[in-house]
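A short worksheet on the structure shown next.
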Amino acid sequence: MPAANDISPALLWLRRDLRLADNPALHAAIERGGPVIPVWILDPVAEATGAAHRWRMEGSLRALARDLEGLGARLILRRGAALDVLRDLAKETGADAVLWNRLYDGPARARDEAVKSALRSDGLEARSFNGALLHEPWTVETGQGGPYKVYTPYWRAVAERVVHEPIAAPSRWPSPQGWPASDALDAWGMAADMRRGAPVLAERVEIGERAALQRLAAFLEEDLRAYAEERDRPDREATSGLSHHLAVGEISPRQIWAATQPRRQGAVAKPAQKFLQELVWREFAYHLLHHSPEMATDNWRPEWSAFPWREDGEAAEAWRRGRTGIEAVDAAMRELFVTGRMHNRFRMIAANYLTKHMLVHWKVGEAWFRDTLVDWDPASNALGWQWVAGSGPDAAPYFRVFNPQTQAEKFDPDGVYRDRFIAEGRAKPHADALAFFEAAPRAWGLSPGDRYPDKPIVGLKEGRQQALDAYQDWKSRRDAA
DNA sequence: TAACGTTTATA
DNA sequence: ATAAACGTT
């Protein structure tokens with residue numbers, strides 16, 4: 001084997017895969033035998049994401065840079081068009097290869113395909129890997145040879161598949177002779193648009209690869225057994241809490257899959273099944289996004305573009321501010337604003353109220369979640385909203401209107417979640433409920449001493465009827481045409 | 001991963 | 001009288 005400095009360096013182009021373990025592009029870069037230079041680029045695609053995601057990404061970059069320093073390496077940060085940056089860096093460092101893990105949303109794919117062909121025509125090695133999914137979207141096919149459109153058969157297809165074993169993190173780093181210059185992370189101000197006052201509970205989230213692995217271990221140890229039973233209860237700590245780690249790639253789905261399958265592969269272990277099904281929902285979302293990238297912005301079922309959706313406006317603003325007058329919805333919207341996360345069950349409740357009772361377009365909700373979710377994921381967010389609205393594949397039928405009251409009675413029977421996030425009218429409001437008012441922009445003009453809205457922006461009974469009428473109207477108009 | 005109004009079964 | 005089952009949206 002030749003000495004390390006006989007082989008030209010490789011650039012490891014990191015994006016939403018900010019980890020050292022089970023990182024296929026990193027593994028391949030090390031296998032080349034030469035030095036490896038990790039780089040993260042703030043380009044227009046990365047800048048076009050939501051404020052909470054950029055804030056979360058900044059924290060993750062800081063954690064990764066620290067981990068790399070622990071191995072005697074550095075994380076090189078650059079700003080600009082990705083291709084220009086990579087070309088410059090290749091020139092500066094003498095690198096003759098650029099390796100990365102694939103992304104699957106439309107804008108990233110368009111960029112990556114252009115970068116790959118340009119680098120190759122420069123004469124560089126340019127290779128991409130699967131670091132984000134259990135299975136590449138195009139490798140899962142129905143009997144007819146097409147993509148799956150319904151979750152259950154998709155689950156059956158992947159449940160018995162063998163998942164690639166995770167790759168160990170490198171124990172030492174092949175560093176170059178000298179490191180190229182890096183921008184200063186602080187100077188980028190990636191958190192500048194977080195637009196929330198202090199203290200913000202989002203800042204309590206544990207960030208970084210080590211935290212992700214610890215969270216997984218704690219979940220498996222403490223909560224997995226009760227997961228199927230308790231996962232819909234926002235008043236219990238029943239979920240894995242891994243979504244924000246997955247969103248920036250601090251942990252991979254393969255690591256999660258392997259950790260829940262201590263024995264053998266090929267059959268899903270019983271206690272883990274319900275949990276893995278949720279992981280596979282993420283996988284399904286990417287499967288769909290790969291085959292229909294326009295799903296991120298347009299109705300997956302095009303006939304829904306003729307539905308009389310309402311525009312963004314005052315009503316939607318009340319929804320964003322957690323002032324609809326429906327406690328389950330408002331609690332959820334406040335949890336989102338102040339923690340950057342929202343319990344899955346209450347995502348469905350809040351989204352359902354916006355798109356059904358309020359008749360507001362799912363894109364309005366999608367945009368708000370994109371801007372405020374610390375665990376924002378392009379595929380899951382699009383699928384989730386289209387599922388609720390009824391415009392997506394395997395969507396809830398439109399007439400499946402949730403009653404937020406009934407849902408709250410079922411899943412928050414003691415009102416613990418409600419009281420954690422709603423302060424108005426409480427003698428001793430919960431600290432988290434008060435934190436919302438400190439986080440909320442001044443312009444919202446909210447104070448914990450306000451009266452809680454004494455009637456909802458749209459009544460439950462009227463809203464349900466209005467939604468069903470609009471649906472019938474839209475449907476008969478279509479049938480006539 | 002629904003809710004609701006109505007009918008039918010069971011005590 | 002109440003629960004379970006059913007059909008509709």
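The sequence lines fix the lettering, A, B, ..., with proteins before strands; numbering per chain opens at 1. Model, not experiment: these values are computed from the prediction.
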Expected list for residues 467-478 of chain A near DNA chain B, using heavy atoms below 4.0 Å, is none

Generate the contact string for nucleotides 1-6 of chain B. Rules: B means base contact, S means sugar-phosphate contact only, - means no protein heavy atom under 4.0 Å. BBBS--

What do you reckon, are the aromatic ring centroids of A/W319 and A/Y353 less than 6.0 Å apart? no

What's the spacing between A/R464 CZ and A/N352 CG if we round to 0.5 Å? 10.0 Å

Verify the ring-centre separation between A/Y398 and A/F307: is it less than 6.0 angstrom? yes

Please list each protein N or O that sits under 3.5 Å from an N or O in nucleotides 4-7 of chain C, with the distance.
none

Would you confirm whether A/T324, through its side chain, and A/I326, through its main-chain N or O, come within 3.5 Å as a donor-acceptor pair? yes

Mind checking whether A/W281 and A/Y151 have ring centres under 6.0 Å apart? yes

Return the CZ to CD distance between A/R254 and A/E165, rounded to the nearest 0.5 Å. 9.0 Å

Could you check whether A/D193 pairs with A/R54 (Lys NZ or Arg NE/NH1/NH2 to Asp/Glu carboxylate O, under 4.0 Å)? yes

Parallel, tilted or perpendicular: rings of A/Y471 and A/W474 (30°, 60°): tilted

Determine whether the aromatic ring centres of A/Y417 and A/H343 lie less than 6.0 Å apart. no

Taking the ring centre of each residue, are A/W40 and A/W13 less than 6.0 Å apart? no

